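So the structure is just underneath, and the comments pick up after that.
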2 protein chains.
Amino acid sequence: MTSSNNRNTKQRMLLLECFNESKGKHMTVDELYAIAKSKYAEIGIATVYRNVKYLLEQNLIKKVDLPNSLPYYEISVSNEEHSHHHLICRECHKIVDFEDDLLESVENIIEKAKNFKITDHRVVFYGICSNCKPKKESKK
Amino acid sequence: MTSSNNRNTKQRMLLLECFNESKGKHMTVDELYAIAKSKYAEIGIATVYRNVKYLLEQNLIKKVDLPNSLPYYEISVSNEEHSHHHLICRECHKIVDFEDDLLESVENIIEKAKNFKITDHRVVFYGICSNCKPKKESKK
DNA sequence: TGTATAATGATAATCAATATCAATAGTGAA
DNA sequence: TTCACTATTGATATTGATTATCATTATACA
């Protein structure tokens, strides 16, 4: 193969930069497009879609699938798998991360019961976040 | 209000019947449409979408959101919440149900750590189902 | 049985995502 | 550096799922 199969175009570098700058945040394609466009107005939406796909394949970003919403994307934590969960507030729709996994023993039970080798999981918890909880008011 | 706000049309009854007949199975809208059409060829796809929405509002069916796929719908278990999990095989893409919840203690930990009141959750496990696992062959 | 209007079926509109294609610009070789 | 190859881009058409529109039909109550 003579020429490289992954060229570092300025659009691609820019998009990766956008992900890097928003560490720990999720973005939809449209949000990413808006941020990228503010830095380089010529960029096209198709390029954003294509590079999101490319960065996913390179494992540089991760897809976050949440029910009833467009997919989010976030920068990968290069370390290791680092499986974390998402808590979605039903009031303000904010997404809170929870860093620990905690599902090992649950997975063991399921694996034995169903003879199903679990390799991965996606978990979303719904509820009310700390901000939206009624504060402990004094009575009346 | 003079007239009823939910009329029992034959299309609506038919669709509910389709759900009842496929107890414990999930269906996409297109699958449901195909089944309904085989019993009543005049039914339109828009009617299927409208009644899926209606039946969801009535809590007669449940939406099952799985990553990277169209939403599935299944009949509700009237009993109680009956939260069960879905195991998706990465080989054959079959969806296996797991009846128990098992997440109470995990939820308690998260609730305390994040001061987040959990009301609900959606969990998907990925892996290899029993059919797709290599059988325990004799050596070589 | 008559009537108001919810529901239907056909189809247009919308929206996210992908495909197409001519023009551009990285990249390795000379 | 320059050249040539071709991956990538941007604009736009296309696709596929879902929703909106609207004239027509049919359910349910009086």
Side-chain angles (χ1 to χ4, degrees), chain A residues 1-19 26-74 93 95, chain B residues 1-19 26-74 93 95:
Chain A
M1 281 73 264
T2 149
S3 86
S4 166
N5 241 31
N6 12 322
R7 298 183 176 175
N8 295 323
T9 63
K10 65 172 165 307
Q11 292 88 340
R12 185 168 288 171
M13 292 303 102
L14 168 64
L15 290 169
L16 191 51
E17 188 186 311
C18 292
F19 276 111
H26 332 74
M27 287 182 291
T28 62
V29 169
D30 276 339
E31 289 165 357
L32 175 60
Y33 177 52
I35 295 171
K37 213 168 168 56
S38 74
K39 302 184 175 196
Y40 179 64
E42 296 68 17
I43 199 169
I45 184 70
T47 298
V48 177
Y49 275 103
R50 276 186 295 242
N51 277 294
V52 162
K53 193 176 182 192
Y54 171 84
L55 295 172
L56 274 175
E57 286 163 2
Q58 303 297 314
N59 286 315
L60 292 171
I61 62 172
K62 274 198 323 185
K63 188 178 183 181
V64 181
D65 260 305
L66 303 175
N68 299 314
S69 81
L70 297 180
Y72 288 87
Y73 299 91
E74 61 182 28
H93 304 103
I95 301 169
Chain B
M1 281 74 263
T2 151
S3 87
S4 165
N5 242 32
N6 16 318
R7 298 182 177 176
N8 294 325
T9 63
K10 65 172 162 311
Q11 291 89 341
R12 184 168 290 172
M13 293 302 103
L14 169 63
L15 291 170
L16 191 51
E17 187 185 311
C18 292
F19 276 110
H26 331 74
M27 287 182 291
T28 62
V29 169
D30 276 338
E31 289 165 358
L32 175 61
Y33 177 52
I35 296 171
K37 214 170 165 58
S38 74
K39 301 184 174 194
Y40 179 64
E42 296 68 15
I43 199 170
I45 184 69
T47 298
V48 176
Y49 274 102
R50 277 186 293 242
N51 277 295
V52 162
K53 192 176 182 194
Y54 171 85
L55 294 172
L56 274 175
E57 287 164 1
Q58 303 298 312
N59 286 316
L60 292 171
I61 62 172
K62 272 198 324 184
K63 186 177 185 183
V64 181
D65 260 304
L66 302 175
N68 299 312
S69 81
L70 297 180
Y72 288 87
Y73 300 90
E74 62 183 28
H93 304 105
I95 301 170

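Because only heavy atoms are used, hydrogens play no part in the values below, and waters and symmetry mates are left out as well, while side chains stay in. Just so it is clear, the model here is predicted, and its values are computed rather than measured. So you know, we letter chains A, B, ... as the sequences are listed, proteins then strands, and number each from 1.
For B:Glu42 and D:dA26, the CD to P distance is 11 Å, given to the nearest whole Å. B:Tyr72 has its OH atom 12 Å from the P atom of D:dT18, to the nearest Å. If you take NZ of A:Lys53 and P of C:dA16, they are 19 Å apart, rounded to a whole angstrom. Residue B:Leu14 contributes atom CG, which lies 14 Å from atom P of D:dT27 at whole-angstrom precision. One interatomic measurement links the two molecules: CD1 of B:Ile43 to P of C:dA10, which rounds to 11 Å at whole-angstrom precision. Note: CE (B:Met13) to C1' (D:dA28) measures 13 Å, nearest angstrom. We find that CG of B:Leu56 is positioned 12 Å from P of D:dT18, with the value rounded to whole Å. Remark: C1' of D:dA17 and CD of B:Glu31 are 14 Å apart, rounded to the nearest angstrom.
Within the 4.5 Å cutoff, the side chain of B:Thr47 has heavy atoms near those of the B:Arg50 side chain. Contact annotation: the side chain of A:Asp30 approaches that of A:Ile45 to within less than 4.5 Å [non-hydrogen atoms, C-beta and beyond]. Using a 4.5 Å cut-off on side-chain heavy atoms (C-beta onward), B:Leu15 and B:Ile43 make contact.
B:Arg50 comes within 4.0 angstrom of a nucleotide base, judged by non-hydrogen atoms across all strands. Contacts of A:Tyr40 with the nucleic acid, taken as non-hydrogen atoms under 4.0 Å apart, involve only primed sugar atoms and P, OP1 or OP2.
Distances were taken from every side-chain heavy atom of A:Tyr49 (C-beta onward) to each of D:dA7, D:dT9, C:dA17; the shortest belongs to C:dA17. Here the side chain of A:Ala46 is nearest to one of D:dA26, D:dG10, D:dT8, namely D:dG10. Listed nucleotides D:dA17, D:dG10, C:dG26 differ in distance to B:Asp30; the shortest reach to its side chain belongs to D:dA17. Set against D:dT18, D:dT9, D:dA28, the side chain of A:Arg12 has D:dT9 as its closest nucleotide. For A:Leu70, the listed nucleotide lying nearest its side chain is C:dA16; candidates were C:dA16, C:dT27, C:dT8.
For D:dA26, the OP1/OP2 oxygens have no side-chain nitrogen or oxygen of B:Gln11 closer than 4.0 Å. The phosphate of C:dT27 has neither OP1 nor OP2 within less than 4.0 Å of any side-chain N or O from A:Asn6. Phosphate proximity of C:dG9 to B:Thr47: present, with a side-chain N or O under 4.0 Å from OP1 or OP2. Proximity of B:Thr9 to the phosphate of C:dT8: a side-chain N or O atom is located under 4.0 Å from OP1 or OP2.
Around atom NZ of B:Lys39, more than 12 heavy atoms belonging to other residues, nucleotides or ligands sit under 6.0 Å away.
Between B:Tyr72 and the options B:Asp65, B:Leu32, B:Leu66, B:Val29, a side chain to side chain contact (heavy atoms under 4.5 Å, CB included) holds for only B:Leu66.
For B:Asn8 and B:Pro71, each mapped to the nucleotide of DNA chain D holding its nearest heavy atom, the one lying further toward the 5' end belongs to B:Pro71. Residues A:Tyr54 and A:Ile45 both approach DNA chain D. Their nearest nucleotides, taken by heavy-atom distance, put A:Tyr54 toward the 5′ side.
Between A:Leu16 and A:Leu55, the closest heavy-atom pair is CD1-CD2, 4.2 Å.
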